[in-house]
Protein chains: 2
Amino acid sequence: MTPEMASPAPPAMLAPGTAIGILGGGQLGRMLAQAAAALGFRTQIFAPEADSPAFDVTPARTIAAYADEAALASFAAAVDVVTYEFENVPVEAVRFLEARVPVRPGSKALAVAQDRLAEKRLARDLGAMTAEFAAVDSPDDLARAIARIGLPAVLKTVRFGYDGKGQAKIRSHDEVDAAHASMRGQPAILESFVAFMAEVSVVAARGLDGAFAPFAVTLNEHRNHILHRSLAPAGLGDAVAARATGIARAIADALDYVGVLGVEFFVVGAGEGQTVLVNEIAPRVHNSGHWTMDGAVTSQFEQHIRAVAGWPLGSARMLTPAAEMINLIGPEADGWPAIARDGEAKLHLYGKAETRPGRKMGHVNRLLLHSPR
Amino acid sequence: MTPEMASPAPPAMLAPGTAIGILGGGQLGRMLAQAAAALGFRTQIFAPEADSPAFDVTPARTIAAYADEAALASFAAAVDVVTYEFENVPVEAVRFLEARVPVRPGSKALAVAQDRLAEKRLARDLGAMTAEFAAVDSPDDLARAIARIGLPAVLKTVRFGYDGKGQAKIRSHDEVDAAHASMRGQPAILESFVAFMAEVSVVAARGLDGAFAPFAVTLNEHRNHILHRSLAPAGLGDAVAARATGIARAIADALDYVGVLGVEFFVVGAGEGQTVLVNEIAPRVHNSGHWTMDGAVTSQFEQHIRAVAGWPLGSARMLTPAAEMINLIGPEADGWPAIARDGEAKLHLYGKAETRPGRKMGHVNRLLLHSPR
């Protein structure tokens with residue numbers, strides 16, 4: 001057997017004690033660092049903000065801008081692998097790191113997830129449905145797009161949107177100019193407005209060995225464009241749930257993805273006609289997967305760390321028939337005493353010093369013996 | 001109603017964001033700090049060793065001797081409440097802190113747990129059975145004790161024993177002198193050798209409000225005097241399990257205990273004659289309670305933090321019919337790759353840089369659908 005024909009060696013597993021670098025110091029980075037510590041890994045957080053919540057759970061930090069190449073180089077030298085906790089990390093920073101240390105998931109997934117056009121084109125290429133869409137770089141583009149797609153529709157910046165930021169709904173032709181102005185000259189995408197029955201997500205992991213482990217499909221309720229509540233399982237029919245999970249797997253495979261990703265879907269139609277449209281791809285652990293911290297054998301955070309470290313994935317099995325997560329947004333976190341008094345409620349707080357409206361301060365999980373749907 | 005007759009106010013709950021000081025930087029302190037962070041608390045670790053495992057999971061540390069009053073005073077000023085992770089913290093340090101900041105559990109529990117005579121006398125005073133015992137301060141004491149208790153027996157230092165350290169079994173009169181010499185002049189206790197069927201423990205919490213929440217009684221197997229495996233539930237008859245749990249509650253009440261404690265028992269007899277003898281009281285989270293990290297609604301670490309923070313206790317309900325914990329001692333931790341490949345195994349590693357024989361490096365939990373007994 002020639003070396004070229006040898007079957008590939010199983011991927012090397014990073015040993016406990018090695019260091020995982022995390023770009024981003026928010027609550028996702030914090031919970032990733034906590035999961036890494038439980039497995040005996042050290043972590044180093046790279047974040048621009050000195051008061052990053054993740055800094056409370058590890059002594060190793062780099063406070064620097066993502067464009068600071070000296071800081072990135074030192075960071076790369078100090079860790080054995082790098083991951084990121086949010087999709088707005090500049091791709092350039094990840095490419096700079098990739099030349100020095102493995103980054104999982106890599107810049108390819110990040111670049112696609114940062115570009116709503118690339119995201120939708122990928123989904124379509126994989127045979128998944130999405131809203132109708134068109135690129136909009138000028139008022140003329142927008143007029144043509146509206147003529148084809150119709151109204152209502154949603155105009156979004158192609159890049160750097162989350163929690164409803166950078167979006168403008170266009171209900172009538174009166175609102176076109178204001179919507180276009182709100183894009184502030186950034187490349188945009190017009191999407192048909194989907195009259196969805198529900199929003200669901202697939203949070204799943206792909207290992208370095210290509211294995212795929214999806215958690216139960218989760219039903220998501222938003223308030224003011226911010227996730228309010230997630231319920232797993234989503235209560236979809238088996239075929240629709242399998243379809244959503246299959247799309248997530250195809251996306252992960254296409255991106256050579258390593259780690260946990262979230263794929264958000266709109267559910268449209270009912271009964272036999274029910275199906276899902278891909279809405280967004282998040283190349284990271286996902287808010288709608290927070291229930292797994294208490295409701296699954298392996299949490300999404302441990303699962304991500306396992307994947308990033310080249311470990312086989314853990315079981316994504318649920319521990320109870322259903323689980324619910326409710327976000328604590330802004331002053332909702334002030335309700336912690338009542339939650340603390342509920343001995344069955346699993347409270348998770350992110351250690352954020354300042355409560356601001358719309359800020360994710362924590363969440364509460366509850367394990368359920370029966371799905372409430 | 002006069003002020004004196006007013007019903008007491010419910011204890012104040014420490015708010016998330018306040019700081020919990022932990023004396024001791026080993027794996028128990030580490031896991032306490034991790035549980036505290038999940039609830040949004042900050043932690044500060046006080047430990048003499050610069051490479052303490054707990055230092056990896058929080059940025060706030062004090063490296064100083066327990067006799068360093070200046071360091072203790074600064075520590076007290078920096079935190080809102082203090083707890084400890086092991087029973088060999090000097091009582092003087094805890095009393096020094098108690099004058100400045102609440103310490104939970106307090107010096108009373110610590111003093112009793114540090115003194116095998118006080119421990120056994122307390123258990124007897126509460127109506128619990130123990131091995132026969134006698135104080136031994138001289139060769140004459142030892143001769144009298146042996147005459148009364150008989151052989152085989154076990155001679156132990158009254159203070160600072162754990163994991164079989166400071167113990168000498170005396171099988172015959174030939175071994176008496178060597179056993180006495182091994183005490184190195186320290187006050188000792190002779191205990192009758194109990195031919196036990198099994199060793200079990202009750203890990204339970206008592207809240208600041210006096211509430212008591214026991215986890216399922218756990219069956220413990222030791223190897224070389226170090227805990228090897230714990231299984232919950234222990235498979236005792238209901239009456240015996242209730243008896244053990246009731247003794248733990250009586251001990252916690254008698255000590256005005258706040259936090260998690262472990263009470264170790266010998267199981268003797270069989271059938272209707274089966275009963276338990278108190279062996280040791282550990283005023284802290286306990287190795288035999290590590291299964292609760294994955295097998296109970298509330299882990300012993302979260303439960304301890306809740307109690308210390310004045311929060312109501314969480315549910316101690318098991319998530320599955322049974323759970324098993326196996327310690328990874330010394331080089332056993334080198335077997336991590338096989339454990340990592342088992343997606344149902346919950347691996348917990350303590351981040352200890354150096355593997356030494358007998359050193360607790362981590363543990364692995366497994367949730368079981370049926371008790372193996």
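Below, chains carry the letters A, B, ... as their sequence lines are ordered, and counting in each starts from 1.
Of all residues spanning residues 292-301 of chain B, those with a heavy atom less than 4.5 Å away from chain A's heavy atoms are V297(B), T298(B), arranged by number.
When D56(A), L313(A), T43(A) are compared by the number of non-hydrogen pairs under 4.5 Å with chain B, D56(A) comes out ahead. For chain A, the option among P53(B), P16(B), G17(B), A316(B) with the highest count of heavy-atom pairs below 4.5 Å is P16(B).
Scanning all heavy atoms of the two residues, the minimum distance from M13(B) to A340(A) falls at CE-CB, 3.4 Å. Contact between R30(A) and G40(B) at its shortest, heavy atoms only, is NH2-CA, 4.2 Å. For the residue pair L367(A) and L319(B), the shortest heavy atom distance occurs at CD1-CD2, 3.6 Å. Taking all atoms of both residues into account, the shortest heavy-atom contact from R341(A) to P312(B) is CG-CG, 3.6 Å. Minimum interatomic distance between E344(B) and S315(A) (heavy atoms only, all atoms of both residues): OE2-OG, 3.0 Å.
Taken to the nearest 0.5 Å, the CD1 atom of I339(B) stands 8.5 Å off from the CH2 atom of W311(A). For the atom pair NZ of K346(B) and CD of E302(A), the computed distance is 3.5 Å after rounding to the nearest 0.5 Å.
In this structure, the side chains of F55(A) and P59(B) stay at 4.5 Å or more apart for every pair of heavy atoms. A 4.5 Å side-chain heavy-atom check between L39(A) and L347(B) finds at least one atom pair inside the cut-off.
Contact of A15(A) with chain B is made through backbone and side chain together, with heavy-atom distances under 4.5 Å.
Legend: residues meeting salt bridge (charged side-chain N to carboxylate O under 4.0 Å, His left out) with R42(B), ordered by chain and number and at least two apart, are absent.
Between the side chain of R306(B) and the backbone N or O of G343(A), no donor-acceptor pair lies under 3.5 Å.
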